[in-house]
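Read through the structure below, which is laid out as structure tokens, and then see the notes.
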Amino acid sequence: QVQLVESGGGLVQAGGSLRLSCAASGSIFSINFMAWYREAPGKERELVATIFSGGFANYVDSVKGRFTISRDNAENTVYLQMNSLKPEDTALYYCNMNARTGYSYTPRNYWGQGTQVTVSS
């Protein structure tokens with residue numbers, strides 16, 4: 001089976017920083033991209049950042065200049081460095097991976113359980 005496990009969430013004051021990690025395990029053949037989403041109460045799940053196999057990354061406008069997504073390809077791990085956090089960043093953050101796996105050679109999306117980020121004002 002393929003599993004994604006997030007860690008690094010917590011409670012911080014506005015202006016602080018957190019570093020989220022997501023480790024993917026299982027029979028992973030190739031990864032097309034990994035991404036971070038977030039979901040706040042009453043709001044739709046939002047794509048925050050994506051990093052592709054070649055290393056190119058993009059971000060939602062609201063986090064540009066503050067968040068950085070990166071990957072450790074050898075460990076199938078994706079990170080999200082979050083600086084200058086704002087209360088508006090409070091959400092449950094989910095890791096997403098689009099990959100070919102032993103379960104499905106056709107690329108599919110896999111999700112972690114989420115890690116909570118709470119930013120106090």
Side-chain angles (χ1 to χ4, degrees):
Q1 63 184 46
V2 175
Q3 292 184 327
L4 276 65
V5 179
E6 302 101 331
S7 62
L11 173 64
V12 298
Q13 294 186 7
S17 298
L18 285 173
R19 179 177 166 89
L20 306 184
S21 299
C22 172
S25 63
S27 298
I28 302 169
F29 295 156
S30 62
I31 299 172
N32 294 321
F33 60 80
M34 300 185 77
W36 288 96
Y37 288 74
R38 65 187 181 186
E39 185 173 351
K43 299 180 65 177
E44 293 185 350
R45 186 171 297 187
E46 175 187 40
L47 175 61
V48 178
T50 307
I51 186 164
F52 297 91
S53 60
F56 178 79
N58 56 34
Y59 304 87
V60 67
D61 286 344
S62 61
V63 309
K64 287 181 178 178
R66 300 189 297 119
F67 291 10
T68 302
I69 188 170
S70 61
R71 284 178 59 186
D72 182 341
N73 292 330
E75 300 295 332
N76 293 329
T77 301
V78 64
Y79 304 93
L80 187 68
Q81 178 67 47
M82 304 184 295
N83 298 325
S84 301
L85 283 162
K86 304 175 180 179
E88 305 93 276
D89 297 317
T90 296
L92 187 64
Y93 283 71
Y94 294 93
C95 178
N96 169 261
M97 177 182 73
N98 184 268
R100 290 183 170 90
T101 70
Y103 178 79
S104 176
Y105 195 76
T106 301
R108 292 187 178 183
N109 284 323
Y110 299 86
W111 294 89
Q113 293 297 309
T115 184
Q116 179 67 39
V117 171
T118 302
V119 184
S120 62
S121 59

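Because the structure is a prediction, the values reported are computed rather than measured.
- Closest non-hydrogen pair, Gly9 versus Thr115, comes out as N-OG1, 3.2 Å.
- The neighbour count for Gln116 CD, taken as heavy atoms of other residues, nucleotides or ligands under 6.0 Å away, is above 12.
- Looking at residues two or more places apart in sequence or on another chain, you find a side chain to side chain contact (heavy atoms under 4.5 Å, CB included) between Ser53 and Arg71.
- Among residues two or more places apart in sequence or in another chain, the side chain to side chain donor-acceptor pair (under 3.5 Å) test is passed with Thr90 by none.
- Taking the salt bridge (Lys or Arg N to Asp or Glu O under 4.0 Å) definition, one finds that Glu88 meets it with nothing, sequence neighbours left out.
- Looking at every heavy atom in both residues, Ala91 comes nearest to Ala40 through CB-N, 4.0 Å.
- Pairing each heavy atom of Leu4 with each of Asn96, the nearest pair is CD2-C, 4.0 Å.
- Note on residues 106-121: no pairs pass salt bridge (Lys or Arg N to Asp or Glu O under 4.0 Å), not counting sequence neighbours.
- A single hydrophobic cluster is not seen to contain both Tyr79 and Val117; linkage of ILVMFWY side chains at heavy-atom distances under 4.5 Å, directly or through other members, places them apart.
- Listed by chain and residue number, Phe52 satisfy the ring pair (Phe, Tyr, Trp, His ring centres under 6.0 Å) test with Phe33 (two or more places apart in sequence, or in another chain).
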Apply the test side chain to side chain contact (heavy atoms under 4.5 Å, CB included) to residues Arg66 and Asp89: give CA-CA distance (whole Å), side-chain angles for both, the deciding distance (0.1 Å), then the verdict.
CA-CA 11 Å; Arg66 300 189 297 119; Asp89 297 317; 2.8 Å; yes
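- Taken from CZ in Phe67 to OG in Ser84, the straight-line distance is 9.0 Å, to the nearest 0.5 Å.
- Of the inter-residue distances, the one linking Thr77 atom OG1 with Met34 atom CE reads 7.0 Å to the nearest 0.5 angstrom.
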Do any side-chain atoms of residues 54-63 form donor-acceptor pairs under 3.5 angstrom with protein atoms, and if so which ones, sequence neighbours left out?
unit_1: Tyr59; atom_1: OH; unit_2: Ile69; atom_2: N; d: 2.9
unit_1: Asp61; atom_1: OD1; unit_2: Lys64; atom_2: NZ; d: 2.9
unit_1: Ser62; atom_1: OG; unit_2: Arg38; atom_2: NH2; d: 3.3

Please set out all donor-acceptor pairs under 3.5 angstrom arising from side-chain atoms of residues 15-32, sequence neighbours excluded.
unit_1: Ser17; atom_1: OG; unit_2: Asn83; atom_2: OD1; d: 2.9
unit_1: Asn32; atom_1: ND2; unit_2: Asn98; atom_2: OD1; d: 2.7

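- Nearest heavy-atom pair across Cys95 and Val78 is SG-CG1, 3.6 Å.
- The CD atom of Glu6 sits 7.5 Å away from the CD atom of Gln113 when rounded to the nearest 0.5 Å.
- Sorted by first and then second residue, the disulfide bond (SG atoms under 2.5 Å apart) pairs with a member in residues 34-79 form an empty list; sequence neighbours excluded.
- Applying the side chain to side chain donor-acceptor pair (under 3.5 Å) test to Ser70 and every residue at least two apart in sequence or in another chain returns nothing.
- Contacts of Arg45 classified as salt bridge (Lys or Arg N to Asp or Glu O under 4.0 Å), with partners at least two apart in sequence or in another chain: Glu39.
- In the hydrophobic clustering (ILVMFWY side chains linked at under 4.5 Å, chained through shared members), Leu92 is joined by Tyr37, Leu47, Tyr94, Trp111.
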